[in-house]
Trainee: 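The structure that follows is given in the form of structure tokens.
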Number of protein chains: 2
Amino acid sequence: MTRPTIDDIARRAGVSKSAVSFALNGRPGVSPATRDRILAVASEMNWRPHKAARALSGARSDAVGLVVARPAQTIGAEPFFGLLLAGLQAGLSARSIALHLMIVEDTAAEIEVYRRWTSERHVDGFVLVDLQHRDKRVPVLEELGVPAVVIGGPGGHGTLPSLWADDREAMLSLVDYLAALGHRRIAHVAGDEAFHHTRRRIRALKDASRRLHLVDAVSVPTDFSDAQGASATRALLSSPNRPSALIFDSDVMAVAGLAVAAEMGVAVPAGLSVVSFEDSLLTRIVHPAITALGRDTFALGGQVAAMLLAAIDEPGSVRDVQGATPRLTVRESTRAPYTEQEA
Amino acid sequence: MTRPTIDDIARRAGVSKSAVSFALNGRPGVSPATRDRILAVASEMNWRPHKAARALSGARSDAVGLVVARPAQTIGAEPFFGLLLAGLQAGLSARSIALHLMIVEDTAAEIEVYRRWTSERHVDGFVLVDLQHRDKRVPVLEELGVPAVVIGGPGGHGTLPSLWADDREAMLSLVDYLAALGHRRIAHVAGDEAFHHTRRRIRALKDASRRLHLVDAVSVPTDFSDAQGASATRALLSSPNRPSALIFDSDVMAVAGLAVAAEMGVAVPAGLSVVSFEDSLLTRIVHPAITALGRDTFALGGQVAAMLLAAIDEPGSVRDVQGATPRLTVRESTRAPYTEQEA
DNA sequence: CCGTTTCACTAGAGCGGTTTAGTAAAACTC
DNA sequence: GAGTTTTACTAAACCGCTCTAGTGAAACGG
């Protein structure tokens, strides 16, 4: 048997197609008695709306898009991405909105997908991640006039609403903590300078370092990969004026850095304190467990979902929102630095 | 200006709607000259098909579904999932098929999504992961008659085609390797017994142990979490007859186990060899790097995508396929066990 | 040169919904 | 109780595309 259409329901209930449509959508124009009868027939016949048919009549497609331009490896590796995905999902599925995921090669391909999906009416809105300096995707989405929410900022995302984290404040608090422990030589294994947040963190470290009179607060940019994280760590630990504390911009790099320290015979935390700017399972399961600045990525996904749904319902109504301030979870990888006596 | 429809193109090119449709879909019925002219007009007007309209006329929805019933944490944590996703994407996007992702609470919800998406014509097919013993999803998908490909098996997936790995063979090779190094006391931190592959691995270990006359080849089932992986390791390492080698069913548990060993002062690999049944970034970046059985999860995703597309194109044409046999990458976490002299 | 086949193209009926315009009856006005 | 408004419902257009049936002209066959 083929799936029932509203026509079948209409026939069975002895009313017109339109009456069925009204009843099923909770619209006025049918009496309560008729409405109940229609609903009963519909559920008896196990009717479900045909998404495409609805979308064709100008309605929503009930889906949002997430397009990511990253190498496959990164997507598998970073817990951030999976958690964000799960959080988005949770926020969307409550209103049974689907998530269309697309993983592409580069930003050009990403923009092409935005264009295509918009004109095909494939999705009702987009979530934009990995905000970059002078991001080319922003003007395109603005031009397309499609609802979109940016994760990142503040600044650099034009008129699109964003959910942003105060990376500057986070970095300052991190440095304050390490300085309070007595660290004077702090180094930073940073991410990719193409990203806004990386730049902000680097700048914040510089400022804090000046304010607290730290020695050599150097930031080494990387591409976020474990390989570059490891080699940056190796270089820093080999320098004559070896830092006593390292700040890593990602959990993956922090773990890689930890391995380098072990390999070089540098004890953590006795000889080196390690802090990660990102928290996850990774930082928890290694030994020693890594002190990390944690934000609830799952919750973040949910928040973005809510913002995007609002932007779809009422374009222009959504404004920038500052996400929860990340909190430091102290674990086993940080302590006061070596003193001469100990050494 | 509103987006162009085939009617606009028809008017501009001076032909009928149908001629445009034929031309755009590469169907016979138009002369080469007319076809070229229509295509030129279409691209000039920047026309794109309206997905919903196409889908409504009985065509495909050009999307496949992946529904996962797992806690959010797991999805973020396991590289497997992200890599699979990326691989699937790569395989699908070549034919510009979208991936609809849905993360749900439990199997009941998952089945509900299968029902809904099928009757809504939301997707053309499904990918089924985490195959369980007596899996309830299989008969539902069979009943719905929707194309689907299972990752897992062999066996237990009814008439649905599956891409399966030979877990038994893999476990045997692993045990052979450890036995060749001289290990006699091998223990296994297993996954969830609800999963088919976990059961097969446990059975294989038992068989190998009997064949090789190993002592105490015990398997401890867990829920795949780092916490249970850690406590299983703790228990095994505390037993009077401590194993000299541990096999972990997942990378996350292997890393957690490594941390427990460090915490208990058990040196790896000197005092304990560690092997992971799954390879990923995780096993590579920790210290010591973990010897692991690796399969190319990204490629696996691509293979599944290809199978599903074939199943959609020609239902019933796709048969079970055995995936590539995982290969052992030896790293720093394995060596011959302690001998009495060394101890 | 007439009948048949092929070709290039058009008209128009769906696909499964939504929505507007219209209608008959019931319910209010005063 | 005639006129107006409201209510409950129907008919049919419409969304953008696909595809079948049909048409007129050109090409072919003998």
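In what follows, every chain begins at residue 1, and chains take the letters A, B, ... in the order their sequences are listed.
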Trainee: Establish, with yes or no, whether the OP1 or OP2 oxygen of C:dT19 is under 4.0 angstrom from a side-chain nitrogen or oxygen of A:Arg27.
Mentor: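 Result: yes.
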Trainee: If you measure from CD1 on A:Ile103 to CG on A:Leu66, what distance do you get to the nearest 0.5 Å?
Mentor: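 Reported value, rounded in 0.5 Å steps: 8.5 Å.
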Trainee: In whole Å, what is the span from the NZ atom of A:Lys51 to the C1' atom of D:dC15?
Mentor: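 Taking atom C1' of D:dC15 as the reference, NZ of A:Lys51 is at 18 Å.
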Trainee: State the CD1-CH2 distance between A:Ile6 and A:Trp47, to the nearest 0.5 angstrom.
Mentor: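 Rounded to the nearest 0.5 Å, the CD1-CH2 separation comes out at 7.0 Å.
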Trainee: Roughly, in whole Å, what's the span from CE in A:Met45 to C1' in C:dG16?
Mentor: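 Whole-Å distance recorded here is 14 Å.
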Trainee: Tell me which of B:Arg35 and A:Leu56 sits closer to the 5' end of DNA chain C, going by the nucleotide each one is nearest to.
Mentor: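 Nearest-nucleotide comparison on DNA chain C picks B:Arg35.
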Trainee: Using only atom types and a distance under 3.5 Å, with no angle test, would you say the side chain of A:Asp124 pairs donor to acceptor with the backbone of A:Arg60?
Mentor: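 No; zero donor-acceptor contacts below 3.5 Å.
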Trainee: Does OP1 or OP2 of C:dT18 have a side-chain N or O of A:Arg54 closer than 4.0 Å?
Mentor: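 Checking A:Arg54 against C:dT18: at least one side-chain N or O falls below 4.0 Å of OP1 or OP2.
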Trainee: Out of C:dT18, C:dG16, D:dT18, which nucleotide sits closest to the side chain of B:Asn25?
Mentor: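 Taking heavy atoms from C-beta onward, the closest nucleotide is D:dT18.
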Trainee: How close or far is atom C1' of D:dC17 from atom NE2 of A:His122, stated in whole angstroms?
Mentor: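 To the nearest whole Å, that distance equals 16 Å.
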Trainee: Report yes or no: do B:Asn46 and A:Arg115 form a side-chain donor-acceptor pair below 3.5 Å?
Mentor: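 The answer is no; no qualifying pair exists.
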Trainee: With a 4.0 Å limit, can you tell me whether B:Trp47 has a side-chain N or O closer than that to the phosphate oxygens OP1/OP2 of D:dG16?
Mentor: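 For D:dG16, OP1/OP2 do not have a side-chain N/O of B:Trp47 under 4.0 Å.
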Trainee: Start with the C-alpha distance between A:Ser21 and A:Ser18, add both sets of side-chain angles, then the distance that settles side chain to side chain donor-acceptor pair (under 3.5 Å), and finish with yes or no.
Mentor: CA-CA 5 Å; A:Ser21 178; A:Ser18 345; over 6 Å; no
Trainee: So which one's nearest nucleotide on DNA chain D is more toward 5', A:Lys17 or A:Thr34?
Mentor: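 Per heavy-atom nearest nucleotide, the more 5' residue is A:Thr34.
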Trainee: Using atom CG of B:Leu24 as one end and atom P of D:dG16 as the other, report the distance to the nearest whole Å.
Mentor: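 Rounded to the whole Å, the gap is 15 Å.
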Trainee: Taking 4.0 Å as the cut-off, does a side-chain nitrogen or oxygen of A:Ser18 come that near to OP1 or OP2 on C:dT19?
Mentor: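 Checking C:dT19 against A:Ser18, no side-chain N or O comes under 4.0 Å of OP1 or OP2.
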Trainee: Hey, does B:Asp7 reach any base, or is it just sugar-phosphate, or nothing, if we go heavy atoms under 4.0 Å?
Mentor: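 Nothing, no heavy atom under 4.0 Å.
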Trainee: Distance check: side-chain N/O of A:Ser21 vs OP1/OP2 of C:dT19, anything under 4.0 Å?
Mentor: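 Negative; the distance criterion is not met.
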Trainee: Just the rounded figure in Å: distance from P of D:dT18 to CD1 of B:Ile38.
Mentor: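 Rounding to the nearest Å, CD1 of B:Ile38 and P of D:dT18 are 13 Å apart.
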Trainee: Classify A:Arg121 by what it touches in the nucleic acid, base, sugar-phosphate, or nothing, heavy-atom distance under 4.0 Å.
Mentor: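 The answer is nothing, as A:Arg121 stays clear of every strand by at least 4.0 Å.
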Trainee: Which nucleotide, C:dT18, C:dG16, D:dG16, lies nearest any side-chain atom of A:Ile6?
Mentor: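 Among the listed nucleotides, the one closest to the side chain of A:Ile6 is C:dT18.
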Trainee: Counting only heavy atoms not in B:Glu143, do more than 12 fall under 6.0 Å of its CD?
Mentor: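 For B:Glu143, atom CD is crowded (more than 12 foreign heavy atoms under 6.0 Å).
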Trainee: Just to confirm, is there a sub-4.0 Å distance from OP1 or OP2 of C:dT10 to any side-chain nitrogen or oxygen of B:Ser16?
Mentor: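 Checking C:dT10 against B:Ser16, a side-chain N or O does come within under 4.0 Å of OP1 or OP2.
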Trainee: Between A:Phe22 (CZ) and C:dG17 (C1'), how many Å, whole number?
Mentor: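 In whole Å, C:dG17 C1' lies 12 Å from A:Phe22 CZ.
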Trainee: Answer yes or no: side-chain N or O of A:Thr5 and base N or O of C:dG17 forming a donor-acceptor pair under 3.5 Å.
Mentor: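 No, no donor-acceptor pair under 3.5 Å.
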Trainee: Over all strands shown, is A:Val15 touching base, sugar-phosphate only, or nothing at heavy-atom distances under 4.0 angstrom?
Mentor: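 Sugar-phosphate contact only - A:Val15 comes under 4.0 Å of backbone atoms but never of a base.
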Trainee: When the distance from NE2 of A:His50 to P of D:dC15 is rounded to whole Å, what number comes out?
Mentor: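 Distance check: A:His50 NE2 to D:dC15 P gives 19 Å.
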Trainee: Which is true for B:Pro49 with a 4.0 Å heavy-atom rule: it touches a base, it touches only sugar-phosphate, or it touches nothing?
Mentor: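 If one applies the 4.0 Å heavy-atom cut-off, B:Pro49 turns out to touch the sugar-phosphate alone, with no base involved.
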